[in-house]
Amino acid sequence: MKQIINRIKEGRKRKRNRSLFSLLALLVIAGVGFGFFPGTGNSLFQKNVQTTLYARTEPGQEPDLDPEKYFSGENLDYEKFTFDLSGCDLEQPGTYQIPVLYEGKVTNVVMNLTVQAAEEEMAEDTLRESEQTYLNAG
């Protein structure tokens with residue numbers, strides 16, 4: 001008789017354990033779905049992750065920084081993107097790091113903008129091709 005009672009108690013414990021496990025699994029799935037856990041939110045604001053994008057422009061010209069070109073496929077409002085050009089001298093050739101903001105908040109994305117004359121760019125491409133030819137010939 002005691003064995004039957006013990007089996008009934010064990011069966012109840014197992015059912016209770018299964019129910020608790022099911023409830024816990026449901027809570028975890030719901031938490032991930034609603035973004036309660038780190039790393040499941042907007043990828044633009046994830047910590048310890050930095051994304052670098054690249055763009056070129058000629059001196060004196062405003063760069064074509066179209067968010068749709070860089071962030072297509074993501075569920076974002078392109079009108080809410082801004083690029084902080086305050087530390088960039090568009091008249092002076094060089095490479096500048098431009099912070100990317102979304103809804104006025106700094107994101108983990110940085111734009112590397114190269115200000116360079118078209119002739120210099122063509123000369124660099126020709127030099128790279130010459131180096132590659134030399135390396136392949138050797």
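What you see below is based on every heavy atom in this structure, not just the backbone, and it leaves out hydrogens, waters and symmetry mates.
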Exercise. More than 12 foreign heavy atoms under 6.0 Å from CD of Glu79: is that the case here?
Worked result: no
Problem set entry | Spatial distance of atom CG (Asn108) from atom OG1 (Thr51) [nearest 0.5 Å] | 5.0 Å
Problem set entry | Of Val110, Leu113, Thr52, the residue whose pairing with Gln97 passes side-chain contact (heavy atoms from CB on, under 4.5 Å) | Val110
Exercise. Applying the 4.5 Å side-chain criterion to the ILVMFWY set and letting contacts propagate, would Tyr96 and Leu90 be lumped into a single cluster?
Worked result: yes
Exercise. Partners of Phe81 by ring-ring contact (aromatic ring centres under 6.0 Å, His included), sequence neighbours excluded?
Worked result: Phe71, Tyr102
Seminar exercise, completed: Closest non-hydrogen contact found for Ala117 with Pro59 is N-CD, 3.6 Å
Exercise. Sub-3.5 Å donor-acceptor pair from the side chain of Thr114 to the main-chain atoms of Gln116, do we have one?
Worked result: no
Exercise. Would a hydrophobic clustering, with Ile, Leu, Val, Met, Phe, Trp and Tyr connected at side-chain separations under 4.5 Å, put Val106 with Phe83?
Worked result: no
For this session: Could you tell me the separation between the CG atom of Asn112 and the OG1 atom of Thr95, rounded to the nearest 0.5 Å?
Result: 6.5 Å
Exercise. Do any pairs count as a salt bridge (charged side-chain N to carboxylate O under 4.0 Å, His left out) and have a residue in residues 92-111, sequence neighbours left out, and if so which ones?
Worked result: Lys80-Glu103
For this session: Look at the side-chain heavy atoms of Ile, Leu, Val, Met, Phe, Trp and Tyr, link any pair under 4.5 Å apart, and say whether Leu101 and Val49 land in one connected group.
Result: no
Problem set entry | Spatial distance of atom CG (Leu65) from atom OG1 (Thr82) [nearest 0.5 Å] | 11.0 Å
For this session: Measure the spacing between CD of Glu91 and CD of Glu58 and express it to the nearest 0.5 Å.
Result: 12.0 Å
Exercise. Looking only at heavy atoms, which two atoms of Lys69 and Asp64 are closest? And how far apart?
Worked result: NZ-OD2, 3.3 Å
